[in-house]
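Just so you know, these numbers come straight off a predicted model, no measurement behind them. Within every chain, numbering begins at 1; the chains are lettered A, B, ... in the order of the sequence lines, protein sequences first and strands thereafter.
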Protein chains: 2
Amino acid sequence: MGRRRPGAGRRVVAIGGGTGLPAVLAGLKRYLGTRLSDLTAIVTVTDDGGSSGRLREELQIPPPGDIRNCLVALADVEPLMAQLFQFRFGGDGSLAGHSFGNLFLAALTRVTGDVLQAIRVSGKVLAVRGTILPSTLENVQLVAELADGAFVHGESRVADQAGAIRRVHLKPEAPPALPEVLEAIDGAHLVILAPGSLYTSLIPNLLVDGVVDALRAAGAATVYVANLMTEPGETDHYSLAQHLEALELHAGPGLVDGVIVNSRPFREGVLRRYRRAGAEPVGLDLDRVRAMGVWVAEADLVSHLDVARHHPQKLGRVLMRLLGEGEA
Amino acid sequence: MGRRRPGAGRRVVAIGGGTGLPAVLAGLKRYLGTRLSDLTAIVTVTDDGGSSGRLREELQIPPPGDIRNCLVALADVEPLMAQLFQFRFGGDGSLAGHSFGNLFLAALTRVTGDVLQAIRVSGKVLAVRGTILPSTLENVQLVAELADGAFVHGESRVADQAGAIRRVHLKPEAPPALPEVLEAIDGAHLVILAPGSLYTSLIPNLLVDGVVDALRAAGAATVYVANLMTEPGETDHYSLAQHLEALELHAGPGLVDGVIVNSRPFREGVLRRYRRAGAEPVGLDLDRVRAMGVWVAEADLVSHLDVARHHPQKLGRVLMRLLGEGEA
């Protein structure tokens, strides 16, 4: 219980990937420039499937998909441009499956020779508020070690396999963090570990050299936004404490100061649908969580009653309360 | 000699495609809003090769390449965005050969369901001054009838073949012009037939139903900017008068009121290089041209001394002189 709580302050860093990080960003965007002075998203770069994977391989650029979703989440532009960025070419031609925003980032990266400038220019086009940074510029691959001792190489294969994951690695190991990433963490008043795929979106960022050290050295509280549901092949039957244990296994004990959990129960119809897909609500073993020295903030965070997704605005309000009041 | 000369006025329409039309637009852009009140580019849509051809086929959209080049010619934006629009993906992957601007137009056309809106939005992104219109929204193919009676289907095949062209057709024949195209011609003070590929860029626009009638009905003078060089497989050994005869064959006699020709001779080294590629300066048989009732304006129009290309600024100055003074 001696863990840090967020102090009053206005700089926030959010770490993750997939769809969880954009939900956090979208929830906080509206406070930027008012109660938030700045917001930095630190994004995983291990994606190797779909449009991102193809671009990564064909053009030797970091996978653009997760970055694109963060750009759109922070965009402040007419809906048509956001729609354009998220547009995915259909059919079965050579473009099929590519999202336009990915091609935009890819072309800009090639034209400028610099992915950071490509993100900045895209940000200008989309009137993005906040900063988006890949956690590392290294070309890294995710490798999972399964419970049965087998190794699975590549994020998309890790996400697709059904076995239990013991731990994940990056290859090459401990790639250097982008200096701007460490600076953002160093200056943060609050660090948010975004919800989403635990092993394939969140933890890869923590394996980048320097990130965990910076989190420990920083004055900011590190708050984990708990997943609503377990994820088949990644976190089957995991309770909240087990999520935290997985984080500790990769980042060392005591990294997470607090967790934000959803207090609103799902309807039986929703649960049945998720159960059929192999997912269930993350068990809230809060006593065990608190026994790990982690504080818990509970709130209604759910989006639609039919889908188990974080509601960006609800999540944003809770996160801002953490910043403004020093506690939940 | 009774043909119209441009009257004083500020609205210009330029018709063509390829690289010739963008040269005309780039030359006139700087006068927009000052001595020119508006400028409309009418662009051919028969391209079926390269990136444009693939997008046309895969996505059922008009070929974007010629439109893209016009957008960039009229853009008033930081060089990076223009570079991005003209960036062509390399390598040998699925994106190889696609220009980014083509993908931009393609995605916007699919998102909005409307190629005109896609051009407008792209124009906003590139801070384009002026209006760009495809001559027709119909999905048309170019067909060439050769001197030996054979038919060649498809613009890229027509451009690639080596025989002499008797005439070209559109398939389907006489597709309806875009109403905005006819309105622009109707309101113009000067209509420019741009230099470039005679049979594959310029004439296809004149085969669109309504365009020639509108040109004849309009008060504007129609001025043809003569090609500097003949084009292998299209205009081998054509003199200027033969270019005009080809225009008359497709559009009826008396369409062209005046021609603008380059007066500056090329260096022998340049001529030798072009000769090796099967091209030669267009013979300026000006007496024969004048005997067709067409006035001639001569000026130094050449870009670099090493390449036979129109210098946009020089061309723009001459065109503005036509507008402002009523004659060359």
Compare every heavy atom of [Y] with every heavy atom of [X], then report the nearest pair and how far apart it is.
X	Y	result
Leu84(A)	Val111(B)	CA-CG2, 4.1 Å
Leu95(A)	Glu58(B)	N-OE1, 3.5 Å
Ser94(A)	Arg54(B)	OG-NH2, 3.9 Å
Phe89(B)	Leu103(A)	CZ-O, 3.9 Å

In terms of heavy-atom contacts, does [atom1] of [X] have more than 12 from other residues, nucleotides or ligands at under 6.0 Å?
X	atom1	answer
Gln60(B)	CD	yes
Arg273(A)	CZ	yes
Arg88(B)	CZ	yes

Value rounded to 0.5 Å, distance of CE in Met81(A) from NZ in Lys124(B): 9.5 Å

Region of Glu78(A) that comes under 4.5 Å of a non-hydrogen atom in chain B: side chain

Parallel, tilted or perpendicular: rings of Phe104(A) and Phe100(B) (30°, 60°): perpendicular

Structural part of Gln117(B) lying under 4.5 Å from a heavy atom of chain A: side chain

Selection from Leu80(B), Val125(B), Thr112(B) maximising heavy-atom pairs under 4.5 Å formed with chain A: Leu80(B)

